[in-house]
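Okay, structure first, notes after.
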Amino acid sequence: MMNIPFHDRPAETIDPTQLAGLQLHRLRASVGHALCTPFYRQRLAECGLPESFTMGALSDLRRLPFTVKDDLRASYPDGLLAVPRDQVVRVHMSSGTTGAPTVIYHTAKDLETWTGLVVRSIAATGVTKFDVFQNMMTYGLFTGGLALHYAAEKLGMMVIPAGPGNTKRQIKLMRDFATTVVHATPSYLLHLYSALENEGVAPGDLALKRAFLGAEPYSESTRQKIEALMGIDAYNSYGLSEMNGPGVAFECVLKAGMHVWEDAYLIEVIDPETLEPVRDGDEGELVFTTLRRQATPLLRYRTRDLSSIIPEPCACGRTHRRITRIKGRSDDMLIINGVNVYPSQIEGVLMKIREAGSNYQIVIEKEGSLDKMIVKTEVSGDLFTGDLRSLEAVRRDIGNRLKTEILIHPSVELHEPGALPVSEGKAKRVVDNRPSL
Ligand code: DLL
């Protein structure tokens with residue numbers, strides 16, 4: 001029998017009836033916090049719920065309104081702030097949406113809770129204070145870097161805050177400090193593997209044993225490929241900035257779906273069309289309610305992520321239910337090497353550039369193991385002189401402006417007016433040639 005590691009066994013194996021009681025207690029507090037925000041005061045009033053409203057039972061959750069990303073955008077910067085500003089100790093913003101950002105505020109207690117959830121998550125994979133942790137996720141407004149950094153420190157691991165990129169240096173750090181655990185997007189880890197090959201480093205010569213992989217969709221076969229190539233165990237990690245970031249759901253050592261920490265997040269799975277709950281086990285859109293967040297409580301937040309609840313309990317003994325690997329999204333958000341990009345952001349930039357014509361196309365391909373985005377745009381007719389030097393300047397300018405908006409640098413291709421396909425019905429702007437999951 002495999003050894004099942006726990007960080008906080010009582011909390012992780014809590015009796016389901018007791019868990020439901022705790023959830024109701026915390027949900028009441030969350031609704032109370034929510035009512036401290038202008039946004040929810042108005043939203044709950046619109047739903048006919050008076051301020052004196054209290055949740056009688058967990059099933060009352062369905063009386064509450066959904067919250068969507070646009071609500072967060074419209075409430076920017078502080079329409080969803082539930083505590084006095086002097087209690088806020090950190091903000092995070094969702095990646096890639098510099099045009100219309102969404103902000104999540106955290107009190108000191110919020111950060112402590114979040115770190116606790118991430119500690120619990122990573123400890124479930126068997127890591128301990130004897131591990132050396134190299135964090136290859138972005139530090140900054142993106143949640144992936146800092147969340148795992150603090151949790152790994154809390155667990156007592158030696159942390160190498162490498163951040164992403166600079167693959168040669170990553171390899172040097174891994175060798176010099178005998179890294180045993182890495183945190184990265186799956187696409188970056190595959191890229192790292194190719195770099196190891198190029199450098200003539202055999203994965204077996206490294207001390208690496210585990211990887212935490214998340215922030216973008218990937219398939220079970222990608223996980224297996226990574227495990228086989230690198231000779232390591234790779235664990236799926238799911239989260240989103242609106243729900244803190246990583247630490248929402250994480251695989252335990254059995255790797256059979258991701259445990260959602262149900263004492264911190266109420267989970268629902270709905271049909272994205274009818275908004276009705278689906279049956280346990282059926283696929284739908286994940287909806288979360290924060291149960292422990294003070295500064296930015298969110299009620300019934302629609303993630304757009306498609307997954308399902310695994311009804312059977314996990315053999316590890318944890319009572320927190322599991323979700324299946326994320327199948328995809330019900331909206332048009334693209335995830336490019338872990339960075340979230342909406343096609344509308346690209347359109348917004350192109351449409352402001354005089355030299356760009358009105359037709360464009362976004363092509364996404366796999367280049368090696370990384371995602372590559374190509375923005376093809378027609379050049380406006382009156383400016384199409386064919387002068388190569390000025391065309392090159394336009395191309396570079398578009399690339400730079402896109403980078404400022406979407407935080408990644410796509411390659412830009414210029415096309416003659418009328419050269420790009422025009423579809424008869426709804427314009428098909430995105431051609432995603434990445435292999436499907
Ligand atoms: O990606 C938080 C995170 C960081 C999770 C590091 C795991 C590791 P956002 O930038 O807000 O936050 O993007 C959230 O990324 O709604 C999913 O669509 C997608 N996503 C995150 N993890 C996974 C995963 C972070 N394991 C969005 N599998 C989410 C599939 C994932 N998709």
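Both ligands and their constituent atoms are indexed starting at 1 by order of listing. In what follows, every heavy atom counts, from backbone to side chain, and hydrogens, waters and symmetry copies are set aside.
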Item checked: Residues in salt bridge (charged side-chain N to carboxylate O under 4.0 Å, His left out) contact with D271, at least two apart in sequence or another chain -> none

Report the part of [X] in contact with ligand 1, treating N, CA, C, O as backbone and CB onward as side chain, heavy atoms under 4.0 Å; options are side chain, backbone, both, neither.
{"X": "D305", "result": "side chain"}
{"X": "F142", "result": "side chain"}
{"X": "R304", "result": "neither"}

Measure from NZ or CZ of [X] to the centre of the six-membered ring of [Y], then state whether that distance is under 6.0 Å and the direction lies within 45° of the axis.
{"X": "R73", "Y": "Y342", "result": "yes"}
{"X": "R210", "Y": "F133", "result": "no"}
{"X": "R429", "Y": "Y360", "result": "yes"}

Which ligand 1 atoms does [X] reach within 4.0 Å, using its non-hydrogen atoms?
{"X": "G239", "result": "2 (C), 5 (C), 12 (O), 14 (C), 21 (C), 22 (N), 25 (C), 29 (C)"}
{"X": "I335", "result": "15 (O), 18 (O), 19 (C)"}
{"X": "M137", "result": "6 (C), 8 (C)"}
{"X": "T143", "result": "2 (C)"}

Geometric N/O contact [X] with ligand 1, under 3.5 angstrom:
{"X": "S241", "answer": "yes"}
{"X": "A215", "answer": "yes"}
{"X": "N236", "answer": "yes"}
{"X": "N340", "answer": "yes"}
{"X": "R329", "answer": "yes"}

Next item on the list: Please report the closest heavy-atom contact between P246 and A147, naming both atoms and the distance.
Entry: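 What the structure gives for the nearest pair is CG-CB, 3.8 Å.
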
Next item on the list: Can you spot which of M258, E251, E312 makes a side-chain contact (heavy atoms from CB on, under 4.5 Å) with R322?
Entry: E312

Check: Heavy-atom contact under 4.0 Å between S237 and ligand 1?
Finding: yes

Donor-acceptor pairs under 3.5 angstrom involving side-chain atoms of residues 288-298: please list them, not counting sequence neighbours.
{"unit_1": "T289", "atom_1": "OG1", "unit_2": "R300", "atom_2": "N", "d": "2.9"}
{"unit_1": "T290", "atom_1": "OG1", "unit_2": "L298", "atom_2": "N", "d": "3.0"}
{"unit_1": "R293", "atom_1": "NE", "unit_2": "T296", "atom_2": "O", "d": "2.8"}
{"unit_1": "R293", "atom_1": "NH1", "unit_2": "E242", "atom_2": "O", "d": "3.1"}
{"unit_1": "R293", "atom_1": "NH1", "unit_2": "N244", "atom_2": "OD1", "d": "2.8"}
{"unit_1": "R293", "atom_1": "NH2", "unit_2": "E242", "atom_2": "O", "d": "2.7"}
{"unit_1": "R293", "atom_1": "NH2", "unit_2": "T296", "atom_2": "O", "d": "2.8"}
{"unit_1": "Q294", "atom_1": "OE1", "unit_2": "T107", "atom_2": "OG1", "d": "2.8"}
{"unit_1": "T296", "atom_1": "OG1", "unit_2": "Y105", "atom_2": "N", "d": "2.8"}
{"unit_1": "T296", "atom_1": "OG1", "unit_2": "Y105", "atom_2": "O", "d": "3.0"}

Next item on the list: Establish, from distance only, whether the side-chain atoms of N433 and E365 form a donor-acceptor pair under 3.5 Å.
Entry: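 Checked: N433/E365 side chains pair up, N/O donor to acceptor below 3.5 Å.
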
